[in-house]
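Report on one structure; see the data block that follows.
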Amino acid sequence: MDLNEYLGLFLDESIEHLQAINSSLLIFEQRLDDEAVIDQIFRSAHTLKGMAGTMGYDAIADLTHEMESALDLVRSKTQPATPELIDVLFVAAEQLETMVEDISQGGTGKLDVATTVVRLKQFINTDSEPSQDTDKPAATVMKNFECDVYSESVVRQSMASGYQAYVITVELSADVILKAARVYMVFDRLQNLGDVILSNPTSDELEQEQFETRFDVLFVTMKSAEDIQSEVKAVSEVAQVLIQPFEVPVEPAAAATLLEPVEETPAVNTSIETSTETQTPIAAKTIRVNLERIDRLMNLFEEFIIDRGRLERIAAEVGSSDLTETVERIKRGTNELQSLVLTLRMMPIEQVFNRFPRMVRSVSKDVGKNIKLHITGAETELDRTVIDEIGDPLVHLIRNAVDHGIESKADRILAGKAVEGNLSLRAYHSGNRVFIEIEDDGAGINQERVTKIALEKGLLTEEEAALLTPEEASMLLFAPGFSTAETVTDLSGRGVGLDVVKSKIESLGGEVFVETKRGEGTIFRISLPLTLSIISAMLVKLGEETYAIPLTAILETTSLKQDAILQAHREKVFDFRGQLVPLISLNQVYGLPHAEADAYSVVVVRSGEKLAGLIVSELIGQQEIVMKPLGSYLEGIRAISGATILGDGQVALIIDSNALLRK
């Protein structure tokens, strides 16, 4: 059987287990005696080892095996956790991520992990064999299992906490081809329901397929036997599942009969034996769908939206009430379908945020600072396209906050601050946009110094510098080649960074703003659209051409008489609610014929704190449009972010108001 059949499952499960390892390691570092956290890391490493071994990724299997061995010593209290162990576990987690990422890109997942393995082995072999305590009972031998004192204690404690212990016997089909893969799938389902204490054969023997078709598992759970049976029997090529209750005897001397079946009364049936051929598995509540299929669905739906626009136009021209009514019903249905399809593309930003705790820990150690990261809103959802692209800009901003924003320990003490700096990463929805904030409690931005450096680098003139507002001075950080670093380090000083951040965010239809207060800290705020594919837009006429302006950028539309247009600093402006706002003629921007008139249609747009009135020839109305990229040939046209196909088959360019308001 081709192992590629299981590659998608392997990658999905590996990413989930790596996320669990990362988050648990951070807690483990703070609470070295937290048994639940240690068990979580151990289980994730153990499962990852089994999957990697089955798939033939030996480097992952070797590394997780040593992680498992080291953690087993800690959780059995044979050896205490040390700062050195924590450090090497973080390194191991990073290497595992690198290997899994390589596999997802079509690589072999090979990486030189020898140094990390040696460091783990050093921890494992720190002490010689512990002396035997003659007061403790010898290893307890049970039917089908060799249960040590620790495992027996775990079962006793679990049952005292209200858990039920079961012995699960699984029989695979006689013609099963990939036994280890099926065993892994059974264990994966079980670990979602409770905890596997022991198995017979051992986990290593199961991974190496050193068994026929039957294996036994000692399992503790809060779930019922029926729930366990339903989950396990749903695995393909599982022929039979036998579940028997298990009770720990009161006296250790009776341990030889620990796994003897408990005699049942006629009124209670706790032993379940099933066959996958005779009973229908319970349907799962969730399924995994290949992202390529969702993209194909989205492309088809985008074409449907275009055709819907054309149908609306035809209905308006024909004037048939029946046709108009039918089109309205189609429109209502497609609006609901559109919401559903867009939801399928939404993913929590958690998978991006999860990489940063370990990164902040590592970078803050490199620069000799003590920094605590606070994450909120990780459940906030974004379009998958945005999720894929936003990671690198956030890395730049977080590194910038650690390196430049938060002061050194000595400087914080002199400023009367706590030695530990705070870095907050937040995400939240507001309207149809998502905001991401990176806030530090550092020294804030020295705007005078920023302006001076910009002058020295020739990024602006003395006259321009004199007119800068504090907010505009802070935004100079995003100028190409700008850097306040006095020395070149691995983190900063090479003149590449925040300008890349700004460009990437704007390419996603977003904006970035800076708020700062000297001595108190800085906030970088990113605003992003929920989706990049189907948007609401205002269609406008520029001469004979039709253009689209995204509604997310529009404050309102108005009609402006000629005598309401004023002059300020040689520019046309108008009074918008007590504020002088510049006017921009889109016909002039795009080189289209422009004629003077007694009144103009104006679209008021916002980009950050800046406002502008866009003069257009005519307002057509609001419409759902499908954004299409311009392609490399037309890429780079000023203030155009894409194009859309209208109902009449014509192409309308989409105006990038953010670019128009940038000077």
Side-chain angles (χ1 to χ4, degrees), residues 302 305-306 309 383 385-386 431-433 502-512 527-560 571-574 576 581-595 597 600-663:
E302 289 172 354
I305 291 294
I306 294 171
D383 188 283
T385 305
V386 182
N432 56 358
R433 296 186 75 80
K502 192 167 185 286
S503 298
K504 172 59 72 174
I505 291 171
E506 289 176 349
S507 73
L508 296 172
E511 305 168 272
V512 59
S527 170
L528 293 164
L530 280 175
T531 180
L532 300 180
S533 52
I534 300 175
I535 63 170
S536 296
M538 173 67 71
L539 298 183
V540 300
K541 282 281 189 182
L542 301 181
E544 298 300 318
E545 302 290 335
T546 302
Y547 286 74
I549 305 175
L551 283 186
T552 54
I554 298 176
L555 285 180
E556 64 178 65
T557 59
T558 186
S559 179
L560 192 66
E571 291 185 350
K572 291 182 178 181
V573 298
F574 73 106
F576 180 70
V581 173
L583 280 168
I584 301 174
S585 171
L586 291 182
N587 291 68
Q588 292 179 351
V589 170
Y590 298 118
L592 300 172
H594 174 70
Y600 299 98
S601 296
V602 176
V603 180
V604 183
V605 295
R606 177 194 294 273
S607 177
E609 298 301 318
K610 292 184 178 180
L611 300 179
L614 307 182
I615 299 176
V616 301
S617 302
E618 180 185 345
L619 299 173
I620 299 175
Q622 179 181 337
Q623 184 173 316
E624 299 287 323
I625 64 171
V626 177
M627 291 190 67
K628 298 288 186 181
L630 292 175
S632 57
Y633 183 72
L634 297 175
E635 191 175 10
I637 296 179
R638 179 175 179 253
I640 296 295
S641 59
T644 188
I645 302 174
L646 302 176
D648 58 1
Q650 298 298 312
V651 174
L653 296 177
I654 301 171
I655 295 172
D656 182 357
S657 59
N658 293 328
L660 285 173
L661 270 63
R662 289 198 300 268
K663 295 293 184 180

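Hydrogens, waters and symmetry mates are skipped; everything else that's a heavy atom, side chains included, is used. Residue indices begin at 1 and follow the sequence shown. This is a predicted model, so every value here is computed, not measured.
Nearest heavy atom pair, residue V602 against residue G613, reads CG1-CA, 3.6 Å. Considering every non-hydrogen atom in both K502 and V512, the closest pair reads CG-CG1, 4.0 Å. The two residues M538 and Q622 have their closest heavy-atom pair at SD-N, 4.1 Å. Across all their heavy atoms, S601 and L619 have their closest contact at CB-CG, 4.1 Å. Summarising the geometry of I620 relative to K541, their closest heavy-atom pair is CD1-CG, 3.7 Å, with the distance given to 0.1 Å. Scanning both residues, V573 and P582, for their nearest heavy atoms gives CG1-CA, 3.8 Å.
Without hydrogens or angle criteria, Y590 side chain to A639 main chain gives a donor-acceptor distance under 3.5 Å. Formation of a donor-acceptor pair under 3.5 Å by the N587 side chain with backbone atoms of P593 is found in this model.
Here the OH atom belonging to Y600 is positioned 5.5 Å from the NZ atom belonging to K572, to the nearest 0.5 angstrom. With rounding to the nearest 0.5 angstrom, the CZ atom of R606 is 11.5 Å from the OG atom of S657. With rounding to the nearest 0.5 angstrom, the OG atom of S527 is 5.5 Å from the CD atom of E511. L614 contributes atom CG, which lies 5.0 Å from atom CG of L586 (distance to the nearest 0.5 angstrom). The CG atom of L560 sits 7.0 Å away from the CD1 atom of I615 when rounded to the nearest 0.5 Å. Separation of atoms CD1 (I655) and CG (L660) is listed at 7.0 Å; rounding is to 0.5 Å.
The shortest side-chain heavy-atom distance between I625 and I654 falls under the 4.5 Å cut-off. Counting heavy atoms from C-beta on, the side chains of V540 and T546 never come closer than 4.5 Å.
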(request) Test L611 against L555 for side-chain contact (heavy atoms from CB on, under 4.5 Å), laying out the working first. (result) CA-CA 9 Å; L611 300 179; L555 285 180; 3.4 Å; yes
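Checked options T644, L592, L539; the residue passing with Y547 is L592 (criterion: side chain to side chain contact (heavy atoms under 4.5 Å, CB included)).
The number of heavy-atom neighbours closer than 6.0 Å to CD of E544, taken from other residues, nucleotides and ligands shown, is 12 or below.
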